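Reading through the structure tokens given below for one structure.
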Amino acid sequence: MRQSGRTRIAVDAARAGTESLERRGIDVKGELFRAVLLLCISIGIVMLATLLAYVIVAGWPRLDLSLFTEMPSTRDPNTSGFLPAIVGTLYVMIGVLVTTVPIGVSAAIYLEEYADSSKWYNRLIEVNIQNLAAVPSIVFGILGLAFIVRGPWGLGFVAFAGSLTLMMMVLPTVIIASREAIRGVPSTLRHASLGLGATRWQTVSRQVLPVSLPGILTGTILAMSRAIGETAPLLLVGATTFVRFLPEGLFDGAYSVITVQIFQWAMRPQEEFRTLAAAGSIVLVALLLLMNSVAIWLRNKYSRAY
Amino acid sequence: MLKNHKRAAALIGAAGLAFSLAACGGSDTPGDQPEATTEGGESGEALSGSVVIDGSSTVAPNTEVAAELFGDMHPDVRVSVGVSGTGGGFEKFCNGETDISEASRPIKDEEAATCEENGISYAELGIANDGLAVAINPDNDWAQCLSIEEISSMWRPDGPVDSWADVRDGFPDEPITLFGPGSDSGTFDFFTEEVNGEGGAIRADYNDIGEDDFGAVQGVAGATGATAFIPLSFVEESGDMVQPVEIVNDAGDCIAPSLDTVMDGSYNPLGRQLYVYPSDAGLEKPEVVAFVEFYILNQAQIAEEAGFIPLNSDQEQVANDALAELVG
């Protein structure tokens with residue numbers, strides 16, 4: 001009896017409080033929604049912060065210059081470094097860049113400026129690009145092994161085979177981002193250009209592309225950051241775990257990449273190697289943050305409002 | 001020890017070089033070139049080129065130590081070591097993609113058949129010993145010594161037990177959590193063959209840690225009732241995180257895995273030899289010949305440094321004979 005009386009009073013009070021709040025113009029549901037959203041975003045941020053803190057604590061003892069200048073060593077983990085892996089990553093990423101950008105941007109230009117989207121084959125291409133973006137990276141690894149390393153291309157286990165495999169993986173990202181950027185160019189610009197007698201190609205190359213460049217660059221850098229963090233497909237297409245020499249070139253000889261090196265050292269039983277792996281992870285995360293910051297900076301610096 | 005071997009390696013290397021170059025000299029090498037290269041081989045400096053190695057993740061640390069020591073003598077030879085697993089390594093090897101394959105078990109018939117189909121011929125050389133340890137949690141104070149049948153009761157494909165109480169009367173009712181390498185691993189093939197009587201026969205619901213042997217160490221360290229089969233070297237390198245159990249051998253004694261028991265063969269049936277398989281095509285390259293020789297002649301020092309168990313004198317004899325045959 002007493003209990004229910006209390007409950008009733010509490011409910012009434014709460015109701016009155018809510019009503020008075022609403023009467024005073026405070027949107028309770030809105031505030032609640034905001035709180036839920038804040039909670040959601042903080043979960044993501046806390047996870048990232050935990051990961052960063054863990055990696056930094058674990059890798060701190062080995063975070064020094066020798067990490068960048070030394071060859072890996074199984075005999076002496078304390079002087080072991082990532083040099084060949086860092087250079088290998090650089091080679092692979094250069095390969096990804098020079099193949100992805102021309103192909104991806106051209107595809108985006110075709111789809112946005114030339115393609116007639118009422119034609120079935122253009123729609124098929126679009127659907128396929130969307131699908132490709134959702135394919136797990138290991139599938140591209142298997143594809144790369146069967147068609148690029150072996151099979152028709154037969155490049156062998158070389159850095160460029162890794163580049164091409166990663167290119168297949170990130171191409172959809174670049175195409176989609178570039179299309180968005182091109183679509184964001186106001187049509188008045190195109191009409192004005194065409195109206196002044198410029199050809200379609202002149203309009204695209206001199207008006208549309210320069211204006212959409214920041215968007216394209218941002219998309220490209222984000223795609224590169226996805227590629228640089230990949231391990232599984234590169235393991236399949238031959239990134240080796242132990243090389244004590246720099247790669248000979250894109251088309252020749254064994255190579256390693258940072259992620260594969262981290263992966264290999266993280267599964268060694270010796271504590272020193274796991275510290276080394278954590279230190280390598282810090283380098284990789286720092287590299288990613290740097291690339292993403294450049295992307296944001298480019299977007300802010302060059303984006304123009306119309 | 002190494003110094004003597006170095007000299008021996010250089011001498012035999014030169015001989016091997018002359019042999020291998022003579023073998024291919026008739027086809028496309030100009031007449032004056034072999035001599036020049038042979039002289040370079042004698043000084044031990046002028047070797048260059050690449051040695052592509054892939055295979056067992058168990059053998060990899062050993063081969064990497066060999067590659068590092070070899071690199072000190074021949075800085076221009078580019079030795080790369082991958083870890084595709086014994087099976088994965090043979091797949092590449094029999095496809096002609098590697099010079100040397102590492103294996104933690106002898107080559108299987110079907111792998112040998114694939115190699116033959118593709119025209120890849122090879123030699124088999126023992127390079128070290130390794131014990132396969134059954135690791136348990138340090139808090140596990142009941143399972144000090146297990147028979148192969150008892151281990152098999154946990155791992156067999158049909159009707160395996162899930163509690164330690166069912167392994168032997170008197171064991172506590174602690175749930176068993178199992179960790180082990182995946183089917184690309186030579187360790188997997190060896191364990192299933194020796195313990196369950198058939199290569200590849202294993203219960204389906206154990207935690208497959210792929211080629212990540214250390215993952216099994218972490219798994220076992222995390223649960224009192226956990227157990228795993230992993231290379232002994234990994235148990236030893238990981239300190240006090242896990243402990244190995246003693247195994248009842250064919251003489252009925254409880255034997256703990258150690259350097260001595262693995263070397264003298266009393267730690268059976270879970271002691272094993274590790275191998276490298278150089279291909280004949282690879283052995284046409286003087287740098288591959290030099291590396292293989294270096295590896296065999298310095299096996300004791302390499303194994304010791306990598307935490308493995310050296311070949312015993314009988315095994316060493318076999319390896320040296322095989323080597324002598326290879327280099328003529």
Side-chain angles (χ1 to χ4, degrees), chain A residues 70-77 79-80 84-85 88 138 141-142 145-146 149-151 154-159 161-162 231-232 234-249 252-257 260-274 276-277, chain B residues 48-54 57 60-72 75-85 88 91-92 95-99 135 181 209-218 221 230-239 241-242 301-302 305-307:
Chain A
E70 292 297 325
M71 297 286 177
S73 167
T74 302
R75 297 173 63 204
D76 185 7
T79 62
S80 199
I138 188 78
I142 296 168
L145 180 65
V149 173
R150 297 172 181 162
L155 288 184
F157 295 99
V158 296
T231 318
L234 285 177
L235 269 178
L236 271 179
V237 297
T240 341
T241 46
F242 185 82
V243 284
R244 283 173 62 75
F245 47 83
L246 302 182
E248 282 165 74
D252 214 2
Y255 67 103
S256 187
V257 293
V260 168
Q261 189 79 74
I262 292 173
F263 173 66
Q264 169 65 7
W265 278 340
M267 43 191 224
R268 287 292 163 92
Q270 296 93 337
E271 186 68 42
E272 292 93 338
F273 280 118
R274 277 174 279 142
L276 207 52
Chain B
S48 63
S50 65
V51 182
V52 182
I53 308 170
D54 205 336
S57 64
N62 200 52
T63 307
E64 288 171 13
V65 169
E68 273 188 68
L69 291 168
F70 181 75
D72 292 344
D76 293 335
V77 179
R78 305 158 80 88
V79 184
S80 64
V81 184
V83 285
S84 302
E91 196 212 315
K92 285 184 179 176
N95 212 6
E97 292 165 337
T98 53
D99 297 320
I209 44 96
E211 284 293 301
D212 177 8
D213 291 322
F214 184 66
V217 172
Q218 284 173 313
I230 32 181
L232 179 61
S233 50
F234 273 78
V235 175
E236 288 183 335
E237 297 280 359
S238 55
M241 291 178 73
V242 296
Q301 194 215 352
I302 292 166
E305 201 165 326

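Nothing here was measured: the structure is a model prediction, and the numbers come from that model. First the proteins, then the strands, lettered A, B, ... as listed; each starts at 1.
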* A:Q270 side chain to B:E237 backbone, donor-acceptor under 3.5 Å -> no
* Under 4.0 Å between a Lys/Arg side-chain N and an Asp/Glu carboxylate O for A:R150 and B:E97? -> yes
* Segment of B:A306 engaging chain A (4.5 angstrom heavy-atom cut-off) -> neither
* Over all heavy atoms of both residues, which pair between B:K92 and A:F157 is shortest? Give the atoms and the distance, please. => CE-CZ, 3.6 Å
* With sequence neighbours excluded, tell me which residues meet salt bridge (charged side-chain N to carboxylate O under 4.0 Å, His left out) with B:E305. => A:R75
* Asked: Heavy atoms, side chains only, cut-off 4.5 Å: are A:M267 and B:D213 in contact?
  -> no
* **B:D54 portion near chain A, given a 4.5 angstrom heavy-atom threshold** => neither
* Asked: Given that the side chain runs from C-beta out, which part of A:L246 has a heavy atom under 4.5 Å from chain B: side chain, backbone, both or neither?
  -> backbone
* Tell me, out of B:V235, B:D212, B:I230, who's got the most heavy-atom pairs with chain A below 4.5 Å. => B:D212
* Asked: OG of B:S50 to CG of A:D252: how many Å apart, nearest 0.5 Å?
  -> 8.0 Å
* Which bit of B:V65 comes within less than 4.5 Å of chain A, counting heavy atoms only: side chain, backbone, both or neither? -> both
* Structure fact -> Honestly, the part of A:A239 sitting under 4.5 Å from a heavy atom of chain B is neither
* Asked: By a 4.5 Å heavy-atom criterion (distance strictly below it), what part of B:V83 contacts chain A: side chain, backbone, both, or neither?
  -> both
* Between chain A and each of B:S80, B:S238, B:S57, B:G82, count heavy-atom pairs under 4.5 Å; write down the option with the most. => B:S80
* Portion of A:E271 that has a non-hydrogen atom of chain B nearer than 4.5 angstrom -> neither
* For B:F70, enumerate each residue passing the ring pair (Phe, Tyr, Trp, His ring centres under 6.0 Å) test, keeping only those at least two apart in sequence or located in another chain. => B:H74, B:F291, B:F294
* A:R268 vs B:E64, salt bridge (Lys or Arg N to Asp or Glu O under 4.0 Å): CA-CA, chis, key distance, verdict -> CA-CA 13 Å; A:R268 287 292 163 92; B:E64 288 171 13; 3.0 Å; yes
